[in-house]
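Taking it in order: structure first as structure tokens, then the write-up.
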Amino acid sequence: MEALYHQSNKHVHEVQSQMGRLESCDKQSVHLLENEIQARIDQIFSNLERLEILSSKEPPTKRQNAKLRVDQLKYDVQHLQTALRNFQHRRYAREQQEREREELMTRSYTTNDSETSIHIDETLQFNSSVRNAHQGIDDLLGSGTNILEGLRDQRKTLKGTQKKILDVANMLGLSNTVMRLIEKRAFQDKVIMIGGMLLTCVIMFLVFKYLT
């Protein structure tokens with residue numbers, strides 16, 4: 001397990017270094033670098049699946065620490081995956097704006113100055129609306145990402161708390177009624193988490209629909 005963990009941790013640091021090069025990368029190389037980063041992230045996720053299995057097989061005295069290390073590694077790579085997607089979204093928006101500017105510059109106008117002015121005003125208004133929509137979507141994506149990360153952290157905390165309570169309950173021989181109440185509360189927390197995720201997705205869809 002140690003060798004696989006250190007290998008995965010090394011990949012995380014390599015991805016972090018590559019992410020720093022994205023902003024200064026030229027257009028011809030950015031796609032290749034994005035694909036390389038995504039391939040490394042996919043490899044780390046694959047390693048994490050094996051690490052979770054291996055950590056569960058560790059001796060009881062080492063198991064908790066091993067799981068904490070794997071969870072931290074998982075959090076780091078999820079953060080990198082989110083950062084990559086946000087960068088790609090911003091790049092797509094910039095490329096779209098560049099195409100629109102090129103279209104504006106190459107558009108053929110009539111000799112009538114008033115009609116030309118109207119076309120330019122309409123195009124500028126459209127581009128302004130598109131920029132505002134992209135900015136709103138960027139802000140919403142960032143907010144949604146923070147909400148989802150918070151919900152994931154809460155779920156992990158609740159899951160760990162539930163397991164500890166169940167372990168204590170088994171040791172103390174608590175009644176089945178108490179056990180069912182604990183499981184019911186865990187289910188309710190899960191429903192709240194899923195509901196929050198769905199609500200965030202609906203808000204993102206509505207903002208995208210009405211701002212674009």
Side-chain angles (χ1 to χ4, degrees), residues 1-25 30-58 62-94 134-164 186-205 207-208:
M1 175 180 173
E2 287 297 319
L4 185 59
Y5 171 81
H6 289 299
Q7 179 188 24
S8 301
N9 195 41
K10 180 182 178 182
H11 287 330
V12 167
H13 289 298
E14 290 173 348
V15 171
Q16 290 173 339
S17 176
Q18 289 176 315
M19 289 292 296
R21 293 162 44 200
L22 277 176
E23 293 292 346
S24 60
C25 194
V30 67
H31 296 286
L32 296 176
L33 186 56
E34 285 177 353
N35 292 337
E36 184 178 346
I37 291 174
Q38 187 60 60
R40 286 186 180 274
I41 290 176
D42 292 340
Q43 181 61 51
I44 297 171
F45 275 123
S46 177
N47 290 349
L48 282 171
E49 292 179 359
R50 295 174 56 194
L51 284 170
E52 287 180 336
I53 296 174
L54 293 173
S55 64
S56 64
K57 297 180 180 179
E58 286 286 298
K62 298 181 179 180
R63 189 176 303 158
Q64 186 64 27
N65 184 54
K67 288 184 177 180
L68 288 174
R69 294 168 68 194
V70 173
D71 287 341
Q72 181 60 48
L73 196 61
K74 183 184 295 185
Y75 173 82
D76 291 340
V77 72
Q78 286 174 341
H79 178 74
L80 291 172
Q81 180 70 84
T82 300
L84 177 61
R85 288 174 179 169
N86 288 341
F87 172 82
Q88 290 174 326
H89 175 75
R90 293 195 302 272
R91 179 174 62 79
Y92 295 153
R94 287 197 301 268
H134 285 314
Q135 182 62 45
I137 292 173
D138 285 339
D139 294 341
L140 189 58
L141 283 173
S143 176
T145 299
N146 293 333
I147 291 172
L148 291 177
E149 288 182 355
L151 290 171
R152 280 196 295 266
D153 292 341
Q154 292 178 15
R155 181 174 181 272
K156 290 179 181 178
T157 302
L158 290 171
K159 188 175 180 181
T161 303
Q162 180 193 11
K163 185 177 183 301
K164 291 179 180 178
F187 175 77
Q188 291 174 345
D189 292 336
K190 183 177 181 181
V191 170
I192 292 173
M193 184 195 72
I194 295 174
M197 294 173 67
L198 291 176
L199 179 61
T200 301
C201 293
V202 170
I203 294 175
M204 291 173 64
F205 171 77
V207 170
F208 180 81

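- Proximity of Val15 to Met19: side-chain heavy atoms (C-beta onward) are separated by under 4.5 Å at one or more points.
- Residue Arg63 holds its CZ atom at 12.5 Å from CG of Leu54, rounded to the nearest 0.5 Å.
- In this structure Arg40 satisfies the salt bridge (Lys or Arg N to Asp or Glu O under 4.0 Å) test together with Glu14, sequence neighbours excluded.
- Put simply, OG on Ser56 and NZ on Lys67 are 6.5 Å apart, with the number rounded to the nearest 0.5 Å.
- Once rounded to the nearest 0.5 Å, the distance linking CZ of Arg50 with CG of Leu4 reads 5.0 Å.
- Residues satisfying the side-chain hydrogen bond (donor to acceptor under 3.5 Å, both in side chains) test with Gln43, not counting sequence neighbours, are Asn47.
- In this structure, the side chains of Ser8 and Leu48 stay at 4.5 Å or more apart for every pair of heavy atoms.
- At least one donor-acceptor pair closer than 3.5 Å links the side chain of Thr82 to the backbone N or O of Gln78.
- Partners of Glu49 according to the side-chain contact (heavy atoms from CB on, under 4.5 Å) rule, which considers only residues two or more places apart in sequence or in another chain, do not exist here.
- Residue Leu80 holds its CG atom at 10.0 Å from NE2 of His13, rounded to the nearest 0.5 Å.
- In this view, Arg69 and Glu2 satisfy the side-chain hydrogen bond (donor to acceptor under 3.5 Å, both in side chains) rule, not counting sequence neighbours.
- In terms of the salt bridge (Lys or Arg N to Asp or Glu O under 4.0 Å) criterion, residue partners of Glu52 (sequence neighbours excluded) are, by chain and number, Lys74.
- Contact check for Ile44 versus Asp76: no side-chain heavy atoms found under the 4.5 Å cut-off.
- Residues His31 and Arg91 have side chains in contact (heavy-atom distance under 4.5 Å, counting atoms from C-beta outward).
- Counting heavy atoms from C-beta on, the side chains of Ile37 and Phe87 never come closer than 4.5 Å.
- Glu58 and Gln64 form no side-chain donor-acceptor contact under 3.5 Å, judged by distance and modelled atom types alone.
- To the nearest 0.5 Å, atoms NE2 (His89) and OH (Tyr92) are separated by 10.5 Å.
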- Report the C-alpha separation of Leu198 and Ile194 in whole Å, then their side-chain angles, then the decisive distance to 0.1 Å, and conclude whether the side-chain contact (heavy atoms from CB on, under 4.5 Å) test is met. CA-CA 6 Å; Leu198 291 176; Ile194 295 174; 4.1 Å; yes
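- At distances below 3.5 Å, not a single donor-acceptor pair connects side-chain atoms of Asn9 with backbone N or O atoms of Tyr5.
- For the atom pair CG (Leu73) and CG (Leu51), the distance works out to 7.0 Å, reported to the nearest 0.5 Å.
- Under the side-chain hydrogen bond (donor to acceptor under 3.5 Å, both in side chains) criterion, Glu36 pairs with Gln18, not counting sequence neighbours.
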